[in-house]
Amino acid sequence: MAVPPPAPPPRSPAHLGRRAPRARCSWGMEEKAAASAGCRAPPGPPRSGAVPCFGISVDQDDILPGALRLIRELRPHWKPEQVRTKRFTDGITNKLVACYVEEDMQDCVLVRVYGERTELLVDRENEVRNFQLLRAHGCAPKLYCTFQNGLCYEYMRGMALGPEHIREPRLFRLIALEMAKIHTIHANGNLPRPTLWHKMHNYFTLVKNEINPSLSADVPKVEVLEQELAWLKEHLSQLDSPVVFCHNDLLCKNIIYDSTKGHVRFIDYEYAGYNYQAFDIGNHFNEFAGVSEVDYCLYPAQETQRQWLRYYLQAQKGRAVTPREVERLYVQVSKFALASHFFWALWALIQDQFSTIDFDFLRYAVIRFNQYFKVKPQVSALEMPK
């Protein structure tokens with residue numbers, strides 16, 4: 001295995017998705033691949049565009065040997081001594097390594113290993129379905145395979161954005177357009193229910209039953225959290241925000257800007273699924289503040305929000321939109337941003353208990369809870385336009 005080149009590391013992707021390893025195959029594997037990997041195939045014929053599943057488990061603390069075993073399966077023509085590797089260190093849920101042979105990282109394979117106990121937070125089979133659904137609509141890279149505790153996929157060229165980028169009008173317009181495109185993806189049959197309340201209830205139950213005794217004094221009592229969760233559900237369910245296919249985790253580093261093609265693409269689909277339109281947008285606005293160093297002074301100003309929402313609505317509706325339409329969505333987004341704070345605060349409490357990644361999850365949870373209670377009075381007073 002060659003040493004990574006001295007050139008600066010590629011700027012994408014810095015995956016920051018928000019399980020223990022399971023020897024379960026993805027939903028669409030081929031029977032042959034499943035049999036050779038020791039995985040059980042689902043009944044019936046394999047689906048089109050099936051994803052191979054390999055019976056390989058990669059050690060979280062020593063990723064490279066397992067990653068190279070996967071590369072021998074996926075790129076058998078590569079000479080092992082020529083394979084270069086690059087670890088990405090920004091992720092706070094999973095561990096990621098890039099494998100490639102060319103200096104320009106052509107045909108680079110990304111190997112992602114699931115974080116410890118993240119099956120408590122993420123439905124990995126649903127993630128694979130979302131990956132392929134988005135790929136079918138031109139919104140995601142190729143998914144090469146799954147393995148026992150992770151997956152391999154195509155490297156997406158471009159720059160992973162930071163908080164300083166996503167407030168630039170030319171870039172936030174592209175982000176609004178891409179989100180509008182994803183929000184038009186529909187499943188066959190009836191529209192599914194939003195995932196928000198189910199996931200939030202599961203997270204709260206974990207916090208209440210498994211983490212409660214060790215909760216920090218800086219975290220609200222479980223009884224307070226339960227009351228707030230009930231208030232959120234009652235208050236937000238009345239807003240009539242449409243249920244659409246959402247990314248649900250659109251932080252800066254999950255947005256890749258390709259300057260040569262003039263577009264952005266979103267990565268990491270662990271939390272994707274049908275949810276409230278306003279949650280996806282409000283969650284993204286919260287991410288203007290950053291993750292490692294959180295600063296809510298960077299939350300977009302009202303003028304910026306309204307311009308972003310205007311771009312989004314015009315792309316979604318294919319026409320000019322009225323100020324009332326923009327204002328209606330602005331109020332919905334402002335209120336659902338509260339749910340985003342609450343959701344990721346619960347998530348961070350669970351990660352603090354189980355994750356082996358070097359990140360101060362407890363501090364992050366406290367920051368999100370504090371911001372929730374700070375903005376709640378002002379946001380809850382907002383009224384929908386007549």
Side-chain angles (χ1 to χ4, degrees), residues 18 163 166-167 194-201 203-204 207-208 212 215-242 246 248-251 275-291 293-310 312 323-350 361-386:
R18 307 281 209 231
I166 62 173
R167 67 176 57 89
T195 63
L196 180 61
W197 307 122
H198 175 71
K199 281 192 173 184
M200 211 125 67
H201 173 76
Y203 288 7
F204 171 75
V207 170
K208 179 180 180 180
N212 187 15
L215 279 179
S216 165
D218 295 324
V219 175
K221 299 294 185 183
V222 164
E223 294 77 14
V224 174
L225 298 180
E226 192 164 22
Q227 292 170 5
E228 292 300 322
L229 183 53
W231 179 86
L232 278 169
K233 186 172 184 179
E234 179 182 1
H235 189 72
L236 301 185
S237 297
Q238 300 173 10
L239 298 178
D240 295 325
S241 180
C246 295
N248 290 321
D249 187 25
L250 202 58
L251 43 75
N275 208 354
Y276 296 104
Q277 172 197 57
F279 177 87
D280 211 15
I281 302 172
N283 183 74
H284 175 60
F285 285 174
N286 281 337
E287 298 295 351
F288 275 56
V291 175
E293 297 296 330
V294 183
D295 181 3
Y296 285 107
C297 292
L298 300 177
Y299 189 85
Q302 291 187 21
E303 180 182 349
T304 300
Q305 292 181 60
R306 288 185 172 92
Q307 184 59 61
W308 196 106
L309 296 171
R310 191 174 294 110
Y312 169 89
R324 181 184 178 278
E325 288 175 302
V326 174
E327 190 63 22
R328 178 181 174 84
L329 184 54
Y330 168 78
V331 173
Q332 291 172 327
V333 166
S334 298
K335 291 176 179 288
F336 271 93
L338 283 174
S340 164
H341 287 308
F342 206 84
F343 181 93
W344 294 115
L346 292 174
W347 169 89
L349 291 179
I350 298 167
F361 291 103
L362 179 58
R363 176 177 174 270
Y364 187 74
V366 171
I367 289 172
R368 298 302 294 258
F369 277 132
N370 286 347
Q371 188 67 11
Y372 169 87
F373 286 106
K374 178 181 178 180
V375 302
K376 180 187 173 184
Q378 174 186 349
V379 169
S380 59
L382 293 173
E383 294 185 1
M384 296 287 285
K386 303 296 184 183

Open item on the list: Within the structure provided, determine whether L232 and W197 are in side-chain contact (heavy-atom separation under 4.5 Å).
Closed with: yes
Task: Check: W344/Y203 side-chain N/O donor and acceptor closer than 3.5 Å - done: no
Open item on the list: So W231 and S380, do their side chains get closer than 4.5 Å, heavy atoms only?
Closed with: yes
Open item on the list: For E234, is there any backbone N or O sitting under 3.5 Å from a side-chain donor or acceptor partner on S237?
Closed with: no
Task: Closest non-hydrogen atom pair, R368 against S340 - done: NH2-OG, 3.2 Å
Open item on the list: Could you work out, with salt bridge (Lys or Arg N to Asp or Glu O under 4.0 Å) as the rule, every residue matching K199, not counting sequence neighbours?
Closed with: none
Open item on the list: Once rounded to the nearest 0.5 Å, what's the spacing between atom CD of E325 and atom CG of L309?
Closed with: 12.0 Å
TODO: Over all heavy atoms of both residues, which pair between V291 and L251 is shortest? Give the atoms and the distance, please.
DONE: CG2-CD2, 4.1 Å
Task: Inter-residue atom distance H201.NE2 - E226.CD, 0.5 Å rounding - done: 9.0 Å
- [ ] Could you go through the side chain to side chain contact (heavy atoms under 4.5 Å, CB included) check for L225 and F342 one step at a time?
- [x] CA-CA 9 Å; L225 298 180; F342 206 84; 4.0 Å; yes
- [ ] Applying side chain to side chain contact (heavy atoms under 4.5 Å, CB included), run through L362 and D218 and close with a yes or a no.
- [x] CA-CA 9 Å; L362 179 58; D218 295 324; over 6 Å; no
Open item on the list: So does Y276 get a backbone contact from the side chain of S241, meaning a donor-acceptor N/O pair under 3.5 Å?
Closed with: no
TODO: If the plane angle is over 60° it's perpendicular, under 30° parallel, otherwise tilted; pick one for Y312 and W308.
DONE: parallel
Task: Atom pair CG (D280) and SG (C246), whose distance is rounded to the nearest 0.5 Å - done: 4.0 Å
Task: Within-4.5 Å side-chain heavy-atom neighbours: V219 and V207 - done: no
TODO: Ignoring hydrogens and angles, tell me if any N or O in the side chain of D295 forms a donor-acceptor pair with the backbone of A289 under 3.5 Å.
DONE: no
Task: CD on Q332 to CZ on R328, rounded to 0.5 Å - done: 5.0 Å
Open item on the list: Looking at every non-hydrogen atom in both residues, tell me the closest pair between L382 and K335 and how far apart they are.
Closed with: O-NZ, 3.0 Å
Task: From CZ (F288) to CZ (F285), nearest 0.5 Å - done: 6.0 Å
Open item on the list: Testing the basics here: between A345 and A365, what is the closest heavy-atom pair and its distance to 0.1 Å?
Closed with: O-CB, 3.5 Å
Task: Nearest non-hydrogen partners of Y299 and A337, listed with the distance - done: OH-CB, 4.0 Å
Open item on the list: Is there a side chain to side chain contact (heavy atoms under 4.5 Å, CB included) between K386 and R324? Walk through the geometry before answering.
Closed with: CA-CA 8 Å; K386 303 296 184 183; R324 181 184 178 278; 5.9 Å; no
Open item on the list: Among residues at least two apart in sequence or on other chains, which ones pass salt bridge (Lys or Arg N to Asp or Glu O under 4.0 Å) with R167?
Closed with: none
Task: Over 12 non-hydrogen atoms of neighbours within 6.0 angstrom of NZ in K233 - done: no
- [ ] Examine the side chains of Q307 and R310 and answer whether a donor and an acceptor come within less than 3.5 Å of each other.
- [x] yes
Task: Which atom of Y372 lies closest to which atom of L338, heavy atoms considered - done: CD1-O, 3.4 Å
Task: Inter-residue atom distance N212.CG - L349.CG, 0.5 Å rounding - done: 10.5 Å
Task: Side chain Q305, main chain Y330, donor-acceptor under 3.5 Å - done: no
Task: With H341 via ring pair (Phe, Tyr, Trp, His ring centres under 6.0 Å) - residues at least two apart - done: Y296
Open item on the list: side chain to side chain contact (heavy atoms under 4.5 Å, CB included), that's the test. Do N248 and F343 meet it? Break it down for me.
Closed with: CA-CA 11 Å; N248 290 321; F343 181 93; over 6 Å; no
